[in-house]
Amino acid sequence: MRAVGHVLRAELVGLAGVVERNTYLVRRYLWWELAFFLWTVANTLTIVFIAEGVEAAGGRIDVERTTAVLLIGAVMWAYLGMIFEILTETVSWERWEGTIEYTFMAPLSRAVHLGGMGLFAIAYGLVQSALLFAVVAFFFDLSLPGANFPAALVVLVLASVSFVGIGMMTSVLPLISPEKGTQLGFVAQGVLLVVSGVYYPVTVLPEWMQWLAAISPATYALDGVRDAILEGDGLEALGDELWPLAVIGAVSIPLGLAVFRVGERHAKRHGKLKRSG
Amino acid sequence: MHAVSISDLRKDFRRRNGRRLRRERVPALRDVSFTIERGECVAVLGQNGSGKSTLVRLLSTLLLADGGTARVFGHEISRDSRAVRRLVNRVSVEASFFKKMSSAENLAYAARFYGMTPAETGPRIPEILARVGFPAERRGEPMENLSRGMQQKVALARALLTSPVLLLLDEPTTGLDPRSRLEVRALVRDVRETHDATVLLCTHDLEEAEALADRIGILDGGRLVCLAPAEELKRRYGAATLEEVFFAATGRALEDDEEAAD
Ligand SMILES: Nc1ncnc2c1ncn2[C@@H]1O[C@H](COP(=O)(O)OP(=O)(O)OP(=O)(O)O)[C@@H](O)[C@H]1O
Ligand SMILES: [Mg+2]
C-alpha cells in the first residue's frame with residue numbers, strides 16, 4: 001500500500017513536471033506564440049468573411065448565423081491544430097534537442113507523460129481558442145443572444161479527451177520519421193475535420209464520408225458546440241453529442257497509448273531515439 | 001548481487017547499404033558478457049563505432065537488445081525496465097537540453113520525472129550545481145549561452161540530482177578543459193565514496209580510465225576482448241602503457257578480421 005502511494009505520488013510529480021516544462025517553453029517563446037496567434041486570427045477571418053462574401057455575390061443566407069457557424073468551425077480547426085501540434089511537437093522538439101533520451105529513460109510512465117502533455121495542450125488550446133473566438137466575434141459584432149457558453153465548454157473538454165487520444169497516435173510519427181513525422185500530424189487534422197462537417201453539415205458529404213463522420217469525435221464536438229452557442233442548448237439537450245464523445249474518448253486514449261507504445265518499441269529496436277553520439 | 005550482470009548481450013542495427021535496397025543487419029554488440037560489482041568503477045575503451053554507446057543505451061533502456069540478457073541490481077532491463085530506470089542515470093557526450101531554458105529549469109523538470117518535488121529540488125539544484133563547479137550567477141541563463149564545458153557540467157548535475165546507484169558515463173569529459181576534467185574526476189570519485197554508486201565509464205581518455213577505473217574493458221567491433229585491472233592488462237599484453245594495450249587489443253582483432261576476410 002505504501003509502495004503504491006509512493007509510485008502514485010512520483011507519477012503525479014512527473015505529471016506536474018511535464019506541464020511545468022511546457023509552461024517554461026511557452027514563456028521563452030512568447031513572441032513566437034503571439035505571432036502564431038496573429039496568423040491564426042488572420043486565417044480564421046479569411047474563413048468567416050465567406051458568409052458576407054456569399055451575400056455580396058447575391059446569395060440569400062442568414063449572414064449572422066452563417067458567420068457564427070463558420071466561426072465555430074474555424075475555431076475548432078485551430079483548437080484541434082493546437083492540440084495535435086503540442087502533442088506531436090513535444091516529441092519532435094525533444095528529439096531535435098536530444099532530450100528525448102533523458103525523458104524516455106526516466107521512470108515516469110508513458111501514460112502519465114503523454115497525459116501531462118495532453119493536459120497542457122487542452123489548457124493552452126482552450127485559452128487560445130476562447131481568445132480567438134472572442135476577438136473574431138467582436139470583429140464581426142456577433143451578438144449570439146442566448147448562447148450557452150458553459151455547455152459549449154463542457155462539450156469541448158469532453159471532446160478533447162478523444163482529440164488527445166488521437167494526438168498521441170500522431171505524436172509517435174516523429175519517432176518513426178524524425179524529418180517528416182510532424183507534417184503527418186497535419187494530415188490527421190485535415191482528414192478528421194473534412195469528414196466532420198467543419199464548415200458545412202455532414203449531410204452534404206458522400207455516404208462513405210458520412211460513415212467516417214459517425215466515428216469522428218470532431219463531428220459531435222462541432223454539433224454540440226453549435227447547438228450550445230446557436231440554440232442555447234443546455235447539457236440535458238446535448239446528450240446525443242455527449243455520450244458518443246464519452247465512448248470515443250474511452251476508446252481513443254487506450255488506443256492512442258497502445259499505438260505510442262508500439263512506436264516507442266519500434267524506435268528502441270532500431271535506435272531511432274538518439275540524435276547523435 | 002551484481003550491480004550489473006550481462007550475458008551474451010547482442011544488438012544489431014539495420015543499415016541500408018549503398019544503392020542496394022535491402023537492409024542488412026550490422027552487429028553493434030556481439031555476445032558481450034561481464035559483471036560489475038556494487039561500488040565498482042569499470043571503464044570501457046574502444047575505437048569509434050566499437051559499441052560503447054550502444055552498451056550504455058541498452059543499460060539505460062533506450063534500446064532493446066536482440067539477444068542475451070542484462071540485469072541491473074537483479075532487474076532485467078527489458079522486462080523490468082521501470083525498476084531499472086529508477087536506479088540509473090546517464091551522462092553522454094552531447095549535453096542535451098532545451099536550449100532556451102535555463103540550467104535550473106532544465107534540471108527542475110528532469111528531476112520531476114524522477115518524482116522529485118519543488119520542495120526537494122529547490123535546495124538541491126543550487127547545491128549540486130555548486131558541486132560540479134557551475135557558477136551560481138549563471139543559473140538563470142539560457143543553456144544556449146553556455147559553453148560546451150559548462151553544459152557538460154549541467155549534464156553531470158542532471159545525472160547526480162536523481163542519486164543514481166548506477167551512473168553511466170559516456171565520454172563525460174570530451175570537450176572539457178584540463179582543469180574541468182580533473183574536477184569531473186574528483187567528482188566521480190566523490191560520488192562513488194559518498195553514494196556507494198557504481199560507475200560504468202566509456203571514454204577515449206586512457207589516463208582518465210586508468211585513474212578512475214578498478215577494471216578496464218576494451219570493446220572491439222562489438223566484442224569485449226578483455227576486462228581486467230589496468231596492471232593485469234599491461235602484463236597480459238606485455239605492454240608498458242595502457243595505450244600500448246589499447247593498440248595491441250584492437251590491432252590483433254584487426255589482423256583476425258583480415259585473416260577471416262581472406
Ligand atoms: N541508432 C543507430 N542506428 C544505426 N546504427 C547505429 C545506431 N547506433 C549505433 N549504430 C552503429 O553501431 C555501431 C556502434 O556504435 P556506438 O555508437 O555504440 O559506438 P561507440 O563505441 O560509442 O563509438 P564512438 O567512440 O564514436 O562514440 C556503429 O557501427 C554505429 O554505426
Ligand atoms: Mg559513443
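We name chains A, B, ... by the order of the sequence lines, and we start the count at 1 in each one.
Contact check for A:Val18 versus B:Tyr109: no side-chain heavy atoms found under the 4.5 Å cut-off. Looking only at side-chain heavy atoms (C-beta outward), A:Arg21 and B:Asn106 stay at 4.5 Å or farther from each other. Using a 4.5 Å heavy-atom threshold, the side chains of B:Glu105 and A:Arg28 count as touching. Side-chain atoms of A:Met105 and B:Asn89, non-hydrogen and from C-beta on, do get closer than 4.5 Å to each other. A 4.5 Å side-chain heavy-atom check between B:Met101 and A:Leu25 finds at least one atom pair inside the cut-off.
Note: B:Arg158 leads B:Arg86, B:Lys52, B:Arg158 in heavy-atom pairs under 4.5 Å with chain A.
In terms of heavy-atom proximity, A:Ala106 sits nearest to B:Phe113 at CB-CB, 3.6 Å. Between B:Phe98 and A:Thr99, the shortest heavy-atom contact is CE1-OG1, 3.6 Å.
For the pair A:Glu11 and B:Arg82, the salt-bridge criterion is met [side-chain N within less than 4.0 Å of a carboxylate O].
Within the 3.5 Å criterion, the main-chain N or O of B:Ala65 finds no donor-acceptor partner in the side chain of A:Lys268.
Of the atoms belonging to B:Val84, not a single heavy atom falls under 4.5 Å from chain A. Neither the backbone nor the side chain of B:Val56 has a heavy atom closer than 4.5 Å to any heavy atom of chain A. There is no contact between B:Glu144 and chain A, counting heavy-atom distances below 4.5 Å. Interface remark: A:Arg27 contributes side-chain atoms only to the contact with chain B (heavy atom separation under 4.5 Å). Both the backbone and the side chain of B:Tyr114 come within less than 4.5 Å of a heavy atom in chain A. Looking at A:Arg9, the atoms closer than 4.5 Å to chain B (heavy atoms on both sides) all sit in the side chain, from C-beta outward.
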Which side-chain N or O atoms in residues 1-9 of chain B pair as donor and acceptor under 3.5 Å with protein atoms at least two apart or in another chain?
from   : atom 1 : to      : atom 2 : distance (Å)
B:His2 : ND1    : B:Glu37 : OE2    : 3.1
B:Ser7 : OG     : B:Thr69 : OG1    : 3.3
B:Asp8 : OD1    : B:Ser33 : OG     : 3.4

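Applying the salt bridge (charged side-chain N to carboxylate O under 4.0 Å, His left out) criterion to B:Arg71, with sequence neighbours excluded, gives no partner residue.
To the nearest 0.5 Å, atoms NZ (B:Lys99) and CH2 (A:Trp96) are separated by 5.5 Å. Separation of atoms NE2 (A:His270) and CZ (B:Arg14) is listed at 4.0 Å; rounding is to 0.5 Å. Rounding to the nearest 0.5 angstrom, the gap separating the CD atom in A:Glu264 from the CG atom in B:Leu62 is 9.5 Å.
Between the side chains of B:Ser92 and A:Tyr102, at least one donor N or O sits under 3.5 Å from an acceptor N or O.
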Going through the distances and angles, do A:Arg269 and B:Asp66 end up as a side chain to side chain contact (heavy atoms under 4.5 Å, CB included)? CA-CA 8 Å; A:Arg269 195 159 286 293; B:Asp66 293 306; 3.4 Å; yes
